[in-house]
2 protein chains.
Amino acid sequence: MFHDALVSFAERREIYMQISSRFTIAIHILACIDTFKDDYKVTSDFLAGSVNVNPVVIRRLLQQLKGAGIINVIRGSGGAVIAKPLSEITMLDIYNAVDSIENGELFHFHENPNKECPVGRNIHNVLDHKLDQIQTAMENEMRSITIQEIVEETKSYIQKEL
Amino acid sequence: MFHDALVSFAERREIYMQISSRFTIAIHILACIDTFKDDYKVTSDFLAGSVNVNPVVIRRLLQQLKGAGIINVIRGSGGAVIAKPLSEITMLDIYNAVDSIENGELFHFHENPNKECPVGRNIHNVLDHKLDQIQTAMENEMRSITIQEIVEETKSYIQKEL
DNA sequence: TTTGTCGTAATCTTTATTGTTACATCTGTA
DNA sequence: TACAGATGTAACAATAAAGATTACGACAAA
């Protein structure tokens, strides 16, 4: 009988997961780099002004995007440029690049279900697959949207303002 | 020219979003209630033992699930029971019930893009639709999975142990 | 060599979540 | 009707992550 074992507590240690604003900021950054590439040197200060965050936050993101081969950052003289065709950069690439969520998992699973409980020791096995299925659906949708679309729509909005 | 305006900072106020462990805990709770309904009175202490969290955390979740019409909680004598057929409870129902993410939005959008920048003042319009599209894909997948499946698979895992 | 910029470490602030204690309230039962 | 066992919920503490900010060394072009 596990009933008595269940009625008790324990210490825990969990990992958080969230889709942070790094994701939308990174997209914003790429849209800026492309939009202003011919007219300005797109520095971290310039981007910080458009996004409205501290330049260091931008530089950290630029490093992550560079690490993923999405952009190049020019040391010394400054500025960032896009490293490959916009049509080949998907939302998923960016999502992965900026490490939007902890260790690639969207859901925050409670860490220590009680192994003495039949449900507690099996729930992980059951749920992991389902959670994966949900996350995959999300990632597939992300993969279907390119930065090219984003930039084109942004430019069309800007056109309409004139 | 907006260049000068861009190279500057500003204060901000943001809202966090994450898929908290409340979601997986709530599923765990429902699996327990159903699995043990004939053999035990499923109290918050009992559930706390299986999930391995403080009973108050469980009670808070029970209230949220009750608010969504998913379970009933018995005051006084204690215990929780499921309020409708398991096949009619989807992962999405639970996700919504436990308020897994802030104000229904999965993505944390940076709050104050600079309105003086053509990209800054349009990025929200462009992205909102795309982010919605991604979130919808995720929610559709959630809607396709019922608690019945979860419970059945859990029971089948438990069977295999014997 | 000066100037502007990147790269990055270190520290602080803010915020949400979760943990915990405490206690009023409720209900079945002795 | 008093008791025992639960729930309902407020209040506060502890923990953790994100993001803000400062500082400064490294670098490249003029």
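Side-chain proximity of A:Val57 to C:dT5, C:dT21, D:dG19: nearest is D:dG19. Closest approach to the B:Ser20 side chain among C:dT17, C:dA22, D:dT21 is made by C:dT17 (side chain taken as heavy atoms from C-beta onward). Considering only the side chain of B:Arg60, C:dT20 comes nearest among C:dT20, C:dG4, D:dG19. With D:dT21, D:dG19, C:dA22 as the choices, the nucleotide that has an atom nearest any side-chain atom of A:Ser21 turns out to be D:dG19.
Look at B:Gln63 and you won't find any side-chain N or O under 4.0 angstrom from OP1 or OP2 of D:dT7. OP1 or OP2 of D:dT7 has at least one side-chain nitrogen or oxygen of B:Ser44 nearer than 4.0 Å.
Between the CG atom of B:Leu47 and the C1' atom of D:dT7 there is a distance of 13 Å, given to the nearest Å. Remark: P of C:dT18 and CG of B:Leu61 are 9 Å apart, rounded to the nearest angstrom. The NE2-P distance, from B:His110 to D:dG19, rounds to 11 Å in whole Å. Remark: P of C:dG4 and OH of A:Tyr40 are 19 Å apart, rounded to the nearest angstrom. In this structure, NE2 of A:His108 is placed 17 Å from P of C:dA16, rounded to the nearest angstrom. Atom-to-atom, CD1 of A:Ile25 to C1' of D:dG19 comes out at 9 Å; the value is rounded to the nearest Å. Taking atom NZ on A:Lys41 and atom P on C:dG4, their separation rounds to 9 Å, with Å as the unit. The CD1 atom of A:Ile58 sits 21 Å away from the P atom of C:dG4 (whole-angstrom rounding).
Checked for salt-bridge contact, B:Arg121 and B:Glu116 miss the test: no charged N lies under 4.0 Å from a carboxylate O.
Here the side chains of B:Ile150 and B:Met91 are in contact, with some heavy-atom distance below 4.5 Å.
Put simply, the side chain of B:Arg22 and the base of C:dT17 share no donor and acceptor less than 3.5 Å apart. For A:Arg59 against C:dT5, a side-chain-to-base donor-acceptor contact under 3.5 Å is absent.
For the residue pair B:Arg143/B:Thr90, the side-chain donor-acceptor check at 3.5 Å is not satisfied. A:His108 and B:Thr24 are not linked by any side-chain donor-acceptor pair at a separation below 3.5 angstrom, with hydrogens and angles left out of the test.
Applying the salt bridge (charged side-chain N to carboxylate O under 4.0 Å, His left out) criterion to B:Lys155, with sequence neighbours excluded, gives B:Asp34. Every residue was checked against the salt bridge (charged side-chain N to carboxylate O under 4.0 Å, His left out) condition with B:Glu88, not counting sequence neighbours, and none meets it.
Among the heavy atoms of the strands lying under 4.0 Å from B:Val73 are primed sugar atoms or P, OP1, OP2 only; no base atom is included.
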What does the B/S/- profile of nucleotides 25-30 of chain C look like, 5' to 3', with a 4.0 Å heavy-atom cutoff to protein? BBSS--

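A distance below 6.0 Å separates the ring centres of A:Phe46 and A:Phe36.
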